[in-house]
2 protein chains.
Amino acid sequence: MEFRHLEYFIAVAEELNFGRAAQRLQMTQPPLSQQIQQLERELGTALFIRTQRRVELSPAGRAFLPEARSLLKHAERAKRLANDVGAGRVGRIAVGFVGSATYDILPLTIREYRAAYPEVYVHLRELPTPSQVESLLKGEIDVGFIRPPIASHDLRVETLYRDRAVLAVPKMHPSSHRAVMRLSDLGGESWVLLARSTWSGFYDEILAKCSDAGFDPNIELTAAEFQTVLGVVAAGLGISIVPSSAAIFKREDVVFIPLEGEVPTIEMSIAWRAADDSAQIRQFLDVTRKMARNQQGG
Amino acid sequence: MEFRHLEYFIAVAEELNFGRAAQRLQMTQPPLSQQIQQLERELGTALFIRTQRRVELSPAGRAFLPEARSLLKHAERAKRLANDVGAGRVGRIAVGFVGSATYDILPLTIREYRAAYPEVYVHLRELPTPSQVESLLKGEIDVGFIRPPIASHDLRVETLYRDRAVLAVPKMHPSSHRAVMRLSDLGGESWVLLARSTWSGFYDEILAKCSDAGFDPNIELTAAEFQTVLGVVAAGLGISIVPSSAAIFKREDVVFIPLEGEVPTIEMSIAWRAADDSAQIRQFLDVTRKMARNQQGG
DNA sequence: CCCTCACGATACGAATTATATATGAATAAC
DNA sequence: GTTATTCATATATAATTCGTATCGTGAGGG
């Protein structure tokens, strides 16, 4: 039995006339008769009673008709489902992100993506960059907002935007009134940095830039989140370098001062499996890129 | 899309290897690859990710797999249903019957048929013979226990059993002690007969036999059921002729006396549409004939 | 009563389609 | 580097569907 037989059967059952049914099916009558006979042979029962003048459904045919219809409908649904999933209109995508992505790019992207693909379930998971690399490779997440650099040939990385690094100093600090500063002025300070485990690239680069500027920073303490870093700065325990976007945590007692010259690169990137060319990923990346562009302009 | 494609897809999805799947399907690998490609083209999406070394399901394939399985199951159910209905194992049969069939043949037959075909819904309807003829022709009932004769070329009739006609007289009747009587002895009696509308053949035959016996019966009244007839006989309003099976309505005040010589034919028959050669009818007739034989023997 | 029409079944050739064989390309394992 | 494995492609063959022509059978009309 093939779907063809079901379509033929339904046509004959509705027309109760082989000739008209054949016409409707864009074919001639003899093959239609044959196909119906073939179906009846397979079912082991007659579907029609041919009374040499009119055709009518047998009890078996009457029972089979709704089944045949529902089978065709079911098949259509299955086809559309496969197509929808293939086109990324329905499904699931697991998104990893570093904490600092929640300041701007993540909520924008997720909101936009959900509006465009309401049938895709978006699973969100906050993870530091190294864990995201693992999770991507394991397939636990499909895409991740990360802080470069990462090293894996199986992953693709794309920079979304670059942020200026700015100095964060307590309001009571003697230099808090200055419009701009340079790293080389800061040799004697105590430092509060974002923990290396959260963003190793940033940490290492700050150390490298300080070294270039001729000093070895005196690191008072490290914290896992920028919010905590700023809290500690506010308490007067030291100064820090943060992305300008961290300024959304506005505080009365902290002042942000732009840095002159070579500053640490502060990039937000998105990463995904190189082997994954699914529509979901493609579409999610498109939305993300668009949001990144908009944000950079603003 | 045809069922073939679904079977092929499931095989590949389960083996995740075109070669082994082809082997399982008793075919070679190239046509299997082609058929899968054809299916993917129709669905507008890839079902597998071929990574040149291993095959895995795409998201669309993962979504489509349970649908494909359920479609095949659904098709199997539909086939079995058609076959069951065609073979008369499930379905519905509407049975008409005259009141006097409830004395013996009807309950026996229905009980036996239900035991043999528990999935066939048996619809029962009490109707006098002429109404059954109409209902059979209209298709409102499929088979009927009737009292012959009936006249219709579109119906088939088969006699199930013949009953002796016996005389029913009140206990106080002067002849109530006699072992046997003949119609010709009964010229002067008052008669209570089953209404002509209930069983015209019987009524007409009694009149004919009486005429043969040399008298014209004085019909006091007619009733629609034998039970009522016997009640009136018991009340002493007259005597009657009834099938011996009507003796199940045993009453203290009525005596049944066998008739000698030519007695009215008392037949129970079964009728069905000549055009109807459905399995249900065939099987119901078989059961009915078997019950009729058993009963006659007993 | 014969003729014609309508309708489904059958017979057979043509076209389409699925399948098999042979082969290629790419990758992983030794 | 070589071999084995695996899926894709090209071409040939087999199967099957489909179209054309025709038959058989009732029903309706003249």
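A note on names: the letters A, B, ... follow the listed sequences, proteins ahead of strands, and every chain is numbered from 1.
- Applying the side chain to side chain donor-acceptor pair (under 3.5 Å) test to every pair with at least one member in residues 11-25 of chain A, sequence neighbours left out, gives these pairs: A/Glu14-A/Arg24, A/Glu14-A/Arg69, A/Glu15-A/Arg20, A/Glu15-A/Arg24.
- Taking B/Arg62 as the reference, nothing meets the salt bridge (charged side-chain N to carboxylate O under 4.0 Å, His left out) condition, with sequence neighbours excluded.
- Atoms CZ (A/Arg4) and C1' (D/dT16) sit 8 Å apart, rounded to a whole Å.
- If you measure from atom CD of A/Glu56 to atom P of C/dG8, you get 12 Å, rounded to the nearest angstrom.
- Two residues are said to be in side-chain contact when any heavy atoms from C-beta on lie closer than 4.5 Å; A/Ile105 and A/Tyr161 meet this criterion.
- Using a 4.0 Å heavy-atom criterion, one finds that B/Tyr8 contacts the sugar-phosphate atoms exclusively.
- If you take CZ on A/Phe9 and CG on A/Leu71, they are separated by 11.5 Å, rounding to the nearest 0.5 Å.
- The distance between atom CG of A/Leu16 and atom P of C/dA6, rounded to the nearest whole Å, is 19 Å.
- The local environment of CZ in A/Arg273 is crowded, with over 12 non-hydrogen atoms from other residues, nucleotides or ligands closer than 6.0 Å.
- Using a 4.0 Å cut-off, some side-chain N or O of A/Arg50 falls inside it from OP1 or OP2 of C/dA9.
- Under the 4.5 Å side-chain criterion, counting only non-hydrogen atoms from C-beta, B/Trp199 is not in contact with B/Val98.
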The test is salt bridge (Lys or Arg N to Asp or Glu O under 4.0 Å); show your working for B/Glu119 and B/Arg80 and say whether it passes.
CA-CA 13 Å; B/Glu119 295 298 316; B/Arg80 200 175 48 238; over 6 Å; no
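- Contact check for A/Ile36 versus A/Arg50: side-chain heavy atoms found under the 4.5 Å cut-off.
- One atom, CZ of B/Phe48, and another, C1' of D/dT6, lie 15 Å apart when rounded to the nearest Å.
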Between protein and nucleotides 13-15 of chain C, what N or O pairs are separated by less than 3.5 Å?
none

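- Among residues at least two apart or in separate chains, side chain to side chain donor-acceptor pair (under 3.5 Å) pairs with a member in residues 88-100 of chain A are A/Asn83-A/Arg89, A/Asp84-A/Arg89, A/Ser100-A/Arg147.
- Between the C1' atom of C/dA18 and the CD atom of B/Glu7 lies a distance of 14 Å, rounded to the nearest Å.
- Under the 4.5 Å side-chain criterion, counting only non-hydrogen atoms from C-beta, B/Tyr117 is not in contact with B/Val122.
- In this structure, A/Ile49 atom CD1 and C/dA9 atom P are separated by 13 Å, rounded to whole Å.
- Using a 4.0 Å cutoff on non-hydrogen atoms, the parts of residues 36-47 of chain B near DNA chain C are B/Gln38, ordered by number.
- Remark: B/Met27, B/Thr28, B/Pro30, B/Pro31, B/Gln34, B/Gln35 in residues 17-35 of chain B come within less than 4.0 Å of DNA chain C through at least one heavy atom.
- With a 4.5 Å cut-off on side-chain heavy atoms, A/Phe97 and A/Leu127 do not count as touching.
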